Number of protein chains: 2
Amino acid sequence: MIESEANSNALDVSKALRAAGLQVTAQRLAVYEAVRSMPHAIADDICQAVRGELGVISRQAVYDSLNAMSEYGIIRRIQPAGSAARYEDRVDNHHHLACRQCGEVVDINCAVGKAPCLVAEHDHGYDIDEAEVIYWGVCPTCQSISNRDD
Amino acid sequence: MIESEANSNALDVSKALRAAGLQVTAQRLAVYEAVRSMPHAIADDICQAVRGELGVISRQAVYDSLNAMSEYGIIRRIQPAGSAARYEDRVDNHHHLACRQCGEVVDINCAVGKAPCLVAEHDHGYDIDEAEVIYWGVCPTCQSISNRDD
DNA sequence: CCCAATTCTTTACACTGTCAAGAATTGGGA
DNA sequence: TCCCAATTCTTGACAGTGTAAAGAATTGGG
């Protein structure tokens, strides 16, 4: 890992945390680093990764960090059906493509331009703030495995 | 409840079950009826409702029924972030609108016509078969509660 | 450097859902 | 109608994900 890169990133996160009124802790920085290095990972994977980095961290601290940072938009939580919550450092407007077979998730830009799906046909009086879109399909790898089985 | 209506519906479900190669059981019919009468309910609610109807049913039978019927498109499962799976009898193409505060889910038609969101900008080699869209916001009831708190 | 507020650790627990084994039911065929 | 194999249901155990609560440790402003 390039030391300066990790540092500069850690600096940004520190700022973001402070801006959100959150304290800067080694646990939170490490959790953020883990999310950044393995986007779409689930909490358990992140816990493992952080333990490799810090030695020890409680499961609860990982959840607290993920929740706090999600709440303030420092990271983003996505929750595909049939999977535990996944986390990513990319917080701009984009959607996801999930494999029905292996569960892999990749980022995908919005289908029809900037944010068209935010305009629902009929809002039922709701105050809508987000359109979450998940495309479901089969990834190339799983396709080739299926073909091999034929 | 209008007896004939329930019967005719039960008949349809029986046909659908048989067409799917599934056996027709009192449990499955009751589970379907529960889903039909309370769309977007979670498994536990359905379990309660069916117990009110049949007297007893195991939790496992409810899950088996829901899974089997979902798999064959007799009902549809949706899984909003932060909630257990929800089930509905409406199986045509439509999306959902969920309240961030109370979790209520309502049906909503696709924003831009027939099924535009199915066309992802870049498919990453995936074989895409569905675009799942969930709009997130605050329902009218929760809006008024928030206003009352001010 | 100190202290209050926040965060982390530890432990317990709730909820959602699945697995496995044996009992009961369904439904096609004699 | 009865029988039997396949399917489904019941029961009990269990795994994974996430939260609650209480006390210890850390953070950061004064």
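Chain letters run A, B, ... following the sequence lines, proteins first and then strands; every chain starts at 1. Not measured: the values here are computed from a predicted model.
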Within a strict 4.5 Å, meaning less than it, do heavy atoms of the [X] and [Y] side chains meet?
X	Y	value
B:Leu17	B:Gln23	no
B:Val105	B:Pro80	yes
B:Leu66	B:Val35	yes

Calculate the interatomic distance between [X] atom [atom1] and [N] atom [atom2]; express it in whole Å.
X	N	atom1	atom2	answer
A:Tyr63	D:dA20	OH	P	13 Å
A:Arg18	D:dG29	CZ	P	7 Å
B:Gln60	C:dA20	CD	C1'	10 Å
A:Leu66	D:dT17	CG	C1'	12 Å
B:Leu29	C:dT26	CG	P	10 Å
A:Glu71	C:dT7	CD	P	11 Å
A:Tyr72	C:dT7	OH	C1'	14 Å
B:Arg77	C:dG17	CZ	C1'	10 Å

Under 4.0 Å between a side-chain N or O of [X] and OP1 or OP2 of [N]?
X	N	answer
A:Asn67	D:dT19	yes
B:Arg59	C:dG17	no
A:Thr25	C:dT6	no
A:Gln23	C:dT7	no

Test your reading of the model: is there a side-chain donor-acceptor pair from [X] to the backbone of [Y], 3.5 Å cut-off?
X	Y	result
A:Glu88	A:Ile78	no
B:Gln27	B:Leu54	no
A:His94	A:Asp107	no

Residues which pass salt bridge (Lys or Arg N to Asp or Glu O under 4.0 Å) with A:Glu132, listed by chain and number, not counting sequence neighbours: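 By the salt bridge (Lys or Arg N to Asp or Glu O under 4.0 Å) rule, A:Glu132 matches no residue at all.
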
side-chain contact (heavy atoms from CB on, under 4.5 Å) partners for B:Ala84, two or more places apart: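 By the side-chain contact (heavy atoms from CB on, under 4.5 Å) rule, B:Ala84 matches B:Ile42.
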
Both B:Ile42 and A:Ile57 contact DNA chain C. Which one's nearest nucleotide lies toward the 5' end?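 Looking at the nearest nucleotide for each, A:Ile57 comes out on the 5' side.
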
Need to verify one output field. Residue with the more 5' nearest nucleotide on DNA chain D, A:Gln79 or B:Asp64?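 Upstream on the strand: B:Asp64.
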
I need the residues from residues 43-52 of chain A with at least one non-hydrogen atom less than 4.0 Å from DNA chain C; give them sorted by number, or say none.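 Contacts with DNA chain C under 4.0 Å: none.
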
Clusters formed by hydrophobic residues whose side-chain heavy atoms approach within less than 4.5 Å: which one holds B:Met38, and what are its other members?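 Cluster partners of B:Met38: none, it stands alone.
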
Starting from A:Val56, walk the hydrophobic network (Ile, Leu, Val, Met, Phe, Trp, Tyr; side-chain heavy atoms closer than 4.5 Å) and list everyone else you reach, by chain and number.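 None; A:Val56 is a cluster of one.
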
Kindly calculate the angle separating the two end axes of the helix from C:dC1-D:dG30 to C:dA30-D:dT1, each obtained from five base pairs, and round it to 10 degrees.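 For the helix from C:dC1-D:dG30 to C:dA30-D:dT1, the axes at opposite ends meet at about 30°.
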
With a non-hydrogen cut-off below 4.0 angstrom, is A:Ala85 in contact with a base, only sugar-phosphate, or nothing?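 The residue A:Ala85 makes sugar-phosphate contact but no base contact.
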
Regarding B:Gln27, tell me which of base, sugar-phosphate or nothing describes its non-hydrogen contacts under 4.0 Å with the strands shown.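 Sugar-phosphate only.
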
